[in-house]
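Here's the structure we're looking at; comments come further down.
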2 protein chains.
Amino acid sequence: MPAEPSSVNLEEWFDRLEDSGYRLTKPLRVVAEVMAKNSYCTLSPTEVYDLGREHYPKLGLVTVYRTLEKLEEVGVIQRVHQAGGCNSYIAAPSGHQHLLICRNCGRVEYFQGIDLTDLVSRVEAKSYYSIQDHWLQLIGLYKSCQ
Amino acid sequence: MPAEPSSVNLEEWFDRLEDSGYRLTKPLRVVAEVMAKNSYCTLSPTEVYDLGREHYPKLGLVTVYRTLEKLEEVGVIQRVHQAGGCNSYIAAPSGHQHLLICRNCGRVEYFQGIDLTDLVSRVEAKSYYSIQDHWLQLIGLYKSCQ
DNA sequence: CGTACAATGAAAACGATTTTCAGTTTCTGT
DNA sequence: ACAGAAACTGAAAATCGTTTTCATTGTACG
């Protein structure tokens with residue numbers, strides 16, 4: 001059931017950004033590439049900044065923040081919530097998948113095949129809430145971290 | 001399946017804190033009371049600070065941070081992760097329950113009766129991870145926020 | 001009751017994120 | 001191609017939440 005991190009189609013990311021009216025600039029490309037190449041692990045803005053500067057030293061940290069925001073808005077990356085902090089991002093898998101994260105190294109796998117819609121509507125029927133979203137995440141240790 | 005927020009037994013909280021070697025001071029009592037009285041909604045450190053000062057104006061924000069840390073450590077409150085930020089806390093329900101949060105007002109219900117252990121061991125068997133924890137949260141709108 | 005030490009609050013330090021702003025780059029229409 | 005409008009950039013400064021420091025206070029234990 002766990003799946004290899006879906007290899008990212010960078011061109012599709014760029015298409016989505018353009019469709020949303022964003023301009024394809026050099027810094028944006030650099031940040032997107034960093035996120036795409038590291039689609040198997042979580043990265044904080046500072047880590048993205050450092051990796052990006054290896055290819056494009058002029059890159060500014062402010063731009064990294066702004067670009068991550070755009071990438072999240074168009075849905076190609078997603079924020080990851082962990083006990084140690086909630087400022088990391090990772091390439092978003094296609095479709096609705098759930099995260100399996102290593103508490104130690106931040107490595108990620110996805111798993112799918114879990115249908116929670118049934119559960120969700122049961123809970124909804126018995127509560128005063130209209131449920132819009134759900135969030136399932138498994139936390140553990142990757143083999144080399146055990 | 002959703003349950004009313006378990007009414008909190010403050011004395012039990014104090015017992016747990018003492019058992020862990022913490023001293024029962026006035027500021028700690030104030031912070032604990034705030035969390036206990038608001039067990040149906042999430043509160044940020046600043047909100048706890050403001051509410052606490054209504055009863056005890058000398059209360060310092062630093063103490064709020066330190067006390068929330070203690071309350072979390074002994075397991076009577078838990079941190080809540082939301083899109084808008086991950087710095088809110090709420091009284092922890094007894095046993096393993098899952099959260100249903102209103103995206104708008106922060107109001108919370110719990111639901112239980114979902115056994116994920118089966119799923120977890122299936123995923124574990126097919127991945128390179130040893131799974132230690134899981135995390136399921138439903139996000140929606142409470143009736144008065146719809 | 002008195003002592004040891006955890007806990008407190010104010011101020012300062014800190015790190016992460018946001019705002020400001022002047023200059024640059026990208027895209028659009030011609 | 002090219003000019004102009006608007007989006008985007010990077011550096012510095014401002015801001016926000018959180019942590020550290022430290023002198024003082026309060027609590028629990030003997």
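Computed from a prediction, not measured in an experiment: that's the story for all the values here. In what follows, chains are A, B, ... by sequence order, proteins preceding strands, each numbered from 1.
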- Item | Carboxylate-amine/guanidinium proximity below 4.0 Å for B/E33 and B/R29 | no
- Task: May I ask you to verify if any side-chain N or O of B/K70 is less than 4.0 angstrom from the OP1 or OP2 atom of C/dT8?
- Result: yes
- Atom pair distance, as rounded to whole Å: CZ in B/R79 and C1' in D/dG17: 11 Å
- Given atom CG of A/D19 and atom C1' of C/dC27, what is their separation to the nearest angstrom? 15 Å
- Message: Whole angstroms only, please: what is the OH-P distance between A/Y56 and C/dT25?
- Response: 8 Å
- Query: In terms of side-chain heavy atoms of B/Y65, which of D/dG17, C/dA7, C/dA16 is nearest?
  - Reply: D/dG17
- Message: What is the distance, to the nearest angstrom, from the CG atom on B/L61 to the C1' atom on C/dA11?
- Response: 13 Å
- Task: For A/Y49, report the nucleic acid contact type (base, sugar-phosphate, nothing); a contact means any heavy atom under 4.0 Å.
- Result: nothing
- Is any side-chain heavy atom of B/L68 less than 4.5 Å from a side-chain heavy atom of B/Y89? yes
- Separation of A/E69 atom CD from D/dT9 atom P, in whole Å? 12 Å
- From CG of A/L59 across to P of D/dC8 the rounded distance in Å is 15 Å
- A/L68 CG to D/dT9 P: how many Å, rounded? 12 Å
- Phosphate contact (C/dT8 OP1 or OP2) by B/T25 side-chain N/O below 4.0 Å: yes
- Report yes if a donor N or O on one partner sits less than 3.5 Å from an acceptor N or O on the other, where the partners are the side chain of B/R66 and the base of C/dA7; otherwise report no. no
- Query: Are side-chain N/O atoms of A/E109 and B/Y128 paired as donor and acceptor at under 3.5 Å?
  - Reply: no
- If two hydrophobic side chains count as joined below 4.5 Å and joins carry through other members, does B/L51 share a cluster with B/L28? yes
- Note on the structure: Contacts of A/T63 and B/E18 projected onto DNA chain D by closest heavy atom; the upstream (5') one is A/T63
- Message: Side chains of B/H98 and A/H134 only: does a donor on one sit below 3.5 Å from an acceptor on the other?
- Response: no
- Item | Most 5' of B/N87 and B/R29 on DNA chain D, judged by nearest nucleotide | B/N87
- Counting heavy atoms from C-beta on, name the nucleotide in D/dA28, C/dG9, D/dG10 closest to the side chain of B/P27. C/dG9
- Task: Provide, to the nearest angstrom, the distance between the CG atom belonging to B/L24 and the C1' atom belonging to D/dC29.
- Result: 15 Å
- Which nucleotide sits closest to the side chain of A/R23: C/dT18, D/dA7, D/dA28? D/dA7
- Message: From C-beta outward on B/L28, which listed nucleotide comes closest to its side chain: C/dA10, C/dT8, C/dT18?
- Response: C/dT8
